[in-house]
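Working notes, structure below.
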2 protein chains.
Amino acid sequence: MTDIKSGVNLLFLREEELRQGIELLYFAYRDFTAEPDAILSDYGFGRAHHRVIYFVGRTPGITVSELLATLRITKQSLSRVLSQLVAEGFITQTPGLRDRRQRLLQLAPKGVELERQLTEKQRARIARAYREAGAEAVEGFRKVMLGLIDEGDRRRFPARAMDQRKRGQG
Amino acid sequence: MTDIKSGVNLLFLREEELRQGIELLYFAYRDFTAEPDAILSDYGFGRAHHRVIYFVGRTPGITVSELLATLRITKQSLSRVLSQLVAEGFITQTPGLRDRRQRLLQLAPKGVELERQLTEKQRARIARAYREAGAEAVEGFRKVMLGLIDEGDRRRFPARAMDQRKRGQG
DNA sequence: CATATATGTCAACATGACTGACATAAAATC
DNA sequence: GATTTTATGTCAGTCATGTTGACATATATG
């Protein structure tokens, strides 16, 4: 069993393993976005609005160009959803202090509420997966996911503070 | 340091950890799809074509309804890209043996080649991330990702055969 | 003053999702 | 054999979200 076929088997396992990786990403992302999408459609919004609301909520005072770099979409694509969100009172903008050309964006109360509602679903899904998989698995998950992300964006994820279980062991 | 604030800190860490989880998924998926997207545009295809080509390649003889269930899109959305792929000779169809209403789909040589080209990019990205993270991390990654996926689709991922390093230890 | 930067806006277009209705052929069932 | 269900196709219309390219404005910087 481990003599002639083992080389072939290893190649097969590797191919199978990598394909499963591709599919894990596909299905996880598909299911991860489905719940928020359903909520958004009640507001006449789509996934693009979600992304804007999320990152503005995450980074209050973010500028338009920072948002563009994060989302990697064009000015026009962003402009459409952003101006909608501002017009409908989900996002407010104030001129930059040092650079008054900038529009510093933040969530209005309405936006905070929608963001909470949307993120709650995703947070719950992740929390459940983390809980069921255990702390060690979560570290592995983070490691692999970071490796999948383009190098420039990895700095968005500072090394995690040690949790209670590990404190003092490292 | 661990007296009054620890409860608050734990909550904060948890919130931060979950938000990072959300963002890991967002950025990983964004970067994971960017390379294939670029190739596809040379053919006048989009991400929807990729998904069809991928799953037909992965499951030769898949039927239209199985594909619909996998992709969770409507008949019409699938029909558009699928008929394009058939018309341009990337996918062939043969009637089902037991049920002749079915169209059993498989990749034509042209489709095999395009699939290879597209998947290669993603495979390489995953292989690198797996290699850099190590076998243990990969297991954790799999565990968490599976937990993120809706229960019904988890059966697509049979338990992984033990690799050489672990064989005989379990 | 000249230039670069941050942002906005307009027009035009492509992709890929949706709904709803209707059609056909084959299978399954009564 | 007649009816119903299933697998699939197709048409028409709509929407969300991405694209490009060109041009405008206000502000910052050299």
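Lettering follows sequence order; numbering is per chain, from 1.
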- Task: Assign B:His49 to base, sugar-phosphate, or nothing according to its heavy-atom contacts below 4.0 angstrom with the strands shown.
- Result: sugar-phosphate

TODO: Using a heavy-atom cut-off of under 4.0 Å over every strand shown, decide if B:Ser83 touches base, sugar-phosphate, or nothing.
DONE: nothing

Here the distance between atom P of D:dA7 and atom CG of B:Leu68, to the nearest Å, is 11 Å

* Can A:Asp153 and B:Arg30 be counted as an ion pair, charged N to O under 4.0 angstrom? -> yes

Exercise. Any chance the side chains of B:Arg142 and A:Gln20 put a donor and an acceptor closer than 3.5 Å?
Worked result: yes

Contacts of B:Arg47 and A:Ser79 projected onto DNA chain C by closest heavy atom; the upstream (5') one is A:Ser79

Exercise. Can you find an N or O donor on one side and an acceptor on the other, under 3.5 Å apart, linking the side chain of B:Arg101 with the base of C:dA26?
Worked result: yes

Give me, pair by pair, the N or O atoms of the protein and of nucleotides 18-21 of chain C that are less than 3.5 Å apart, along with how far apart they are.
{"unit_1": "C:dC18", "atom_1": "OP2", "unit_2": "B:Thr74", "atom_2": "N", "d": "2.6"}
{"unit_1": "C:dC18", "atom_1": "OP2", "unit_2": "B:Thr74", "atom_2": "OG1", "d": "2.9"}
{"unit_1": "C:dC18", "atom_1": "OP2", "unit_2": "B:Ser77", "atom_2": "OG", "d": "3.2"}

Residue set satisfying side-chain contact (heavy atoms from CB on, under 4.5 Å) with B:Arg51, at least two apart, ordered chain then number -> A:Tyr26, B:Tyr29, B:Arg47, B:Leu71

Just N and O in the side chain of A:Arg51: are any of them under 4.0 Å from OP1 or OP2 of D:dG18?
yes

Exercise. Touch check for A:Gly96, heavy atoms < 4.0 angstrom, all strands: base, sugar-phosphate only, or nothing?
Worked result: nothing

Q) Shared ILVMFWY cluster between B:Val52 and B:Val86, side chains joined below 4.5 angstrom? A) yes

When B:Gln117, B:His50, B:Glu88 are each screened for side-chain hydrogen bond (donor to acceptor under 3.5 Å, both in side chains) with B:Tyr43, the one that passes is B:Gln117

Separation of D:dG18 atom C1' from A:Phe45 atom CZ, nearest Å, is 18 Å

Distance test, side-chain N/O of A:Arg100 to OP1/OP2 of D:dA28, below 4.0 Å
yes

A:Leu78 CG to D:dT19 P, in whole Å, measures 10 Å

To the nearest angstrom, the CG-C1' distance between A:Leu105 and C:dT7 comes to 11 Å

Fill in: Short side-chain to backbone donor-acceptor contact, A:Arg125 and B:Leu148, under 3.5 Å
yes

note: A:His50, atom NE2; D:dA16, atom P; distance rounded to Å ~ 17 Å

Those residues at least two apart in sequence (or on a different chain) that pass ring pair (Phe, Tyr, Trp, His ring centres under 6.0 Å) with B:Phe45 are B:His49, B:Phe90

Between CZ of A:Arg98 and P of C:dT7 the distance, given in whole Å, is 13 Å

